2 protein chains.
Amino acid sequence: MTTKNMEPGARGRPRAFDLDQAVERAMLLFHSRGYDAVGVAELGTELGIKPPSLYAAFGSKAGLFERALRRYAEGEANLFARARAGGGTVAEVLQRTLLEAARSYPERGGVAGCLVLDGARNSADPQARALALAAKAAARAAMRDVIAAEAPERAEDLADFMATAMAGMSAEARDGAGPERLLRFAELAGAAVRRELGDLSSAR
Amino acid sequence: MTTKNMEPGARGRPRAFDLDQAVERAMLLFHSRGYDAVGVAELGTELGIKPPSLYAAFGSKAGLFERALRRYAEGEANLFARARAGGGTVAEVLQRTLLEAARSYPERGGVAGCLVLDGARNSADPQARALALAAKAAARAAMRDVIAAEAPERAEDLADFMATAMAGMSAEARDGAGPERLLRFAELAGAAVRRELGDLSSAR
DNA sequence: CATATTATGTAGCACTCGCTACATTTCAAA
DNA sequence: TTTGAAATGTAGCGAGTGCTACATAATATG
């Protein structure tokens, strides 16, 4: 039936579905409605997998969420990595990160905000909450380290500021905010960051 | 048994529990864990009410949530109303609102963040989400109207900025942020607001 | 071929969800 | 005292939750 993702020394019956594609679809579902609001039954039908296959492949619903989170954080959704790839000073990179958030957080195809920041919010499952918090901590640490290279004494505080600003934009986007509203916030927040980094060109 | 809250022309068997106290406890439960994560069974045991009494008094779980939201928004949790009572310019009121949020959002007794902003986030119940969004819209409108009296052309944008900043602080508080972290954000955000309102004394 | 290994489909587990039917209790009004 | 109204307690509804036992199917290796 399928020979897509078969490793050389694979024994036993081969998997009948595409693992990466399943993780991708699960990621979209978790992102659009949050961890708890997506049940394994729906995951099964939407991924074309039945419960036993899902549990054989991912261990648990939380295991699938972990895979989805990893895929999310390592892909295009890593706004800081994208902004960083554009080069420039730390101030420019942070400003671009905020603007990227303002452009990508608003609802598109039923998906809004950040999966890491809001995907497990209010979840009744401590494991899911812990996974999202860990991913968030990793993202914050990446920002802190980059900031520290240029302004070590401000790295922690600025990373916190960025985390809070992005959490605000993610929440607003989930509540229906469009790009214009978020962009205005991103510009004000970005100006505050530049000022904090001593970039005086931020004076309007 | 009880004659606490009985109206003059009340007929039938009197209510055996204190309605306000029940709403207060429900408010704390919803606030600490979110709407979906608190079940009717737990509400019953925690409020000392059994399901039929709960439904006779509030109509539904969402009806109780609505009462809890109203109590929250009309009480001490209305940070903007509190800041406004302190008088001063619009810039000062907004700055104080942000500082109040930074002081009151961090976890205390198992409760963190804002019930209106995060209490129904990711809820699977559209009614609960709508109630929280309506309460949020009302709070935003109150800020916009007060801003408009002094800076009408900036009222909408500044209200959006405030809403986004407070959503960010609420989310961070729910993720474990303490007052120090939030206060640093509030000060930067407040400086941005003052600058936007033309208060030049914000130059550091 | 036989055998071990892994995945799949059927069916259903124990549990929780929001909610309610029903009889009973407790009150005001007649 | 009777009547009507409203709240309460007992018990449980139908639906959904995450998850799994079990038999079967499909592959690599011997």
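We name chains A, B, ... by the order of the sequence lines, and we start the count at 1 in each one. Everything numeric in this text was worked out from a predicted model, so none of it was measured.
Taking the side-chain hydrogen bond (donor to acceptor under 3.5 Å, both in side chains) definition, one finds that A:Arg121 meets it with A:Asp118, B:Asp175, sequence neighbours left out.
With rounding to whole Å, A:Arg13 atom CZ is found 6 Å from C:dT8 atom P. The CG atom of B:Leu29 sits 12 Å away from the P atom of C:dG18 (whole-angstrom rounding).
Looking at A:Leu79 and A:Met166, their side chains come closer than 4.5 Å, going by heavy atoms from C-beta outward. You'll find the side chain of A:Arg71 reaches within 4.5 Å of the side chain of A:Asp20, heavy atoms only. Two residues are said to be in side-chain contact when any heavy atoms from C-beta on lie closer than 4.5 Å; A:Arg82 and A:Asn78 fail this criterion.
The side chain of B:Lys61 lies closest to C:dC19, out of D:dT8, C:dC19, C:dT8.
A salt bridge links A:Glu172 to A:Arg181: one of the charged nitrogens lies within less than 4.0 Å of a carboxylate oxygen. A salt bridge does not link B:Arg96 with B:Glu100: every distance from a Lys NZ or Arg NE/NH1/NH2 to an Asp or Glu carboxylate oxygen is 4.0 Å or more.
Taking every heavy atom of residues 33-59 of chain B and every atom of DNA chain D, pairs under 4.0 Å involve B:Lys50, B:Pro52, B:Ser53, by number.
Contact annotation: B:Arg15 reaches the phosphate of D:dA7 (side-chain N/O to OP1 or OP2, under 4.0 Å).
Ranked by how close their nearest DNA chain C nucleotide is to the 5' end, B:Gly12 and B:Ala62 are led by B:Ala62.
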